[in-house]
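The chains referred to below are lettered A, B, ... by the order of the sequence lines, with proteins before strands, and numbering in each begins at 1.
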There are 2 protein chains.
Amino acid sequence: MPAYRPSTPPPPPPTSARELISAHGGRVTRTRVAVIDVLLGSQHPLSHDEIAAALDGEHIAHDRVTLYRALEWLVEQGIAQRIASGERAWRFEIRRGGEHRHAHFHCERCGQILCLEDVPTPASAPLPPGFAVERAELVLHGACAACGRHAQEGEQ
Amino acid sequence: MPAYRPSTPPPPPPTSARELISAHGGRVTRTRVAVIDVLLGSQHPLSHDEIAAALDGEHIAHDRVTLYRALEWLVEQGIAQRIASGERAWRFEIRRGGEHRHAHFHCERCGQILCLEDVPTPASAPLPPGFAVERAELVLHGACAACGRHAQEGEQ
DNA sequence: ATTTTTGATGCAACATTGTAGCATTAGATT
DNA sequence: AATCTAATGCTACAATGTTGCATCAAAAAT
Ligand SMILES: [Mn+2]
Ligand SMILES: [Mn+2]
Ligand SMILES: [Zn+2]
Ligand SMILES: [Zn+2]
């Protein structure tokens with residue numbers, strides 16, 4: 001006697017990553033889903049390298065180039081945004097609802113990047129005629145609390 | 001009869017580049033002087049590549065690495081500053097007197113970078129305790145007047 | 001369920017931007 | 001003129017992306 005088989009299998013739990021991708025007309029692939037999940041789970045923007053490390057940590061096989069292309073696609077679709085952190089590599093973060101563009105803090109000692117959710121980026125500014133602003137990036141550079149403490153201890 | 005020879009040759013016109021370098025305890029070298037002159041002559045920050053092209057234009061021989069090191073030294077000395085333009089390469093500009101930190105505009109169509117002398121970068125912002133800001137970078141991204149015009153013409 | 005379509009992948013090669021090591025040169029000083 | 005050493009000019013190397021193209025597989029069509 002065959003095991004019970006419902007006529008329609010239960011739909012997979014609709015991960016928001018999968019939904020996001022489909023909603024933008026893209027194919028739901030392993031790397032895309034994993035990258036979105038990693039970004040969703042992070043409180044600060046991540047570099048390609050950090051994302052790759054996260055995927056490795058979860059034993060999700062992935063190709064370097066595919067990862068770059070996945071990130072590129074996410075940015076094109078407006079699902080994620082790219083940030084010039086002050087280091088050489090781009091960083092990526094999910095564009096969370098509300099769309100309030102915020103500034104970032106870059107610690108020049110340890111390289112850490114932090115979202116300053118409370119610091120908005122200026123939406124406009126006096127520009128030459130004909131110029132149009134589409135987005136603004138504000139990065140504050142300095143020392144984070146941990147690195148500032150170390151410096152003080154060191155200099156006593 | 002020998003030609004007239006003054007006992008002390010007339011001092012070379014003290015270029016401000018030469019003075020700047022000496023004042024900072026550096027050796028006055030061909031590349032350093034040329035780089036400063038190029039930067040002084042520009043109204044907007046220049047990439048390594050643009051500076052190299054400018055030197056070529058003036059037939060000033062120079063080595064790629066030496067140019068990188070000259071720029072690095074200028075930044076260390078506080079004579080110039082490095083800007084993350086939104087493209088992959090750094091850009092450099094002389095820190096002109098007054099020290100008023102200004103924002104920059106990056107045209108995402110043509111890549112041009114413009115100094116927004118009238119737009120100050122925020123000097124402070126609400127930060128987590130222990131964090132210290134040392135400098136801020138504000139870059140507005142969008143379309144310059146020329147590129148905006150082209151777009152309009154194209155879409156009619 | 002099978003076939004078809006084509007977006008997306010995975011690999012190798014390449015490009016750009018910047019650094020490190022080290023012998024040699026030349027700017028400044030004695 | 002001799003000396004000292006910062007700076008140069010090479011060559012390699014590193015880090016971060018990008019391009020081309022054959023192959024695969026997600027989604028659609030049958
Ligand atoms: Mn953020
Ligand atoms: Mn400027
Ligand atoms: Zn830190
Ligand atoms: Zn433009």
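- By the 30° and 60° cut-offs, the orientation of the rings of Y68(A) relative to H48(A) is parallel.
- Going from atom CG of L67(B) over to atom P of dA7(D) covers 15 Å, rounded to whole Å.
- Computed from coordinates, the W73(B) CH2 to dA6(D) C1' distance equals 11 Å when rounded to whole Å.
- Per the geometry, OH belonging to Y68(B) stands 17 Å off P belonging to dT11(D), to the nearest Å.
- Nearest-nucleotide positions on DNA chain C place F92(B) closer to the 5' end than the other of S22(B) and F92(B).
- Picking from dC10(D), dA27(D), dT19(D) the nucleotide with the shortest atom distance to the side chain of R69(A) gives dT19(D).
- Salt bridge present: E134(A) and R109(B) bring a charged side-chain N and a carboxylate O closer than 4.0 Å.
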Let me check something: any side-chain donor-acceptor pairs from residues 72-82 of chain A under 3.5 Å, sequence neighbours excluded? List them with distances.
unit_1	atom_1	unit_2	atom_2	d
Q77(A)	OE1	H24(A)	ND1	3.4
Q81(A)	NE2	E93(A)	OE2	3.1

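- Counting non-hydrogen atoms under 4.0 angstrom, R30(B) reaches the backbone sugars and phosphates but no base.
- For the pair R18(B) CZ and dA7(D) C1', the computed distance is 15 Å after rounding to whole Å.
- The nearest whole Å value for the distance from the CH2 atom in W90(A) to the P atom in dT16(D) is 13 Å.
- Nearest-nucleotide positions on DNA chain D for V28(A) and R32(B) put R32(B) closer to the 5' end.
- Across the protein-nucleic acid pair, R91(A) atom CZ and dG17(D) atom C1' stand 16 Å apart, rounded to whole Å.
- By the 4.0 Å N-to-carboxylate-O rule, R96(B) lies too far from E117(B) to be salt-bridged with it.
- Closest to the side chain of T29(B), out of dC21(D), dA7(D), dA26(D), is dA7(D).
- L71(A) places its CG atom 14 Å from the P atom of dT16(D), with the value rounded to the nearest Å.
- The separation between D63(B) atom CG and dA12(D) atom P is 14 Å, rounded to whole Å.
- Between the side chain of R32(A) and the main chain of L71(A), no donor-acceptor pair closer than 3.5 Å is present.
- Taking 4.0 Å as the cutoff to heavy atoms of chain A, we find the contact window on DNA chain C bounded by dT6(C) to dG18(C).
- When heavy atoms are screened at a 4.0 angstrom cut-off, V65(B) is found touching base atoms of the nucleic acid.
- Between the side chain of R101(A) and the backbone N or O of T121(A), no donor-acceptor pair lies under 3.5 Å.
- Judged purely by atom type and a 3.5 angstrom limit, E58(A) has no side-chain atom pairing as donor or acceptor with the backbone of L55(A).
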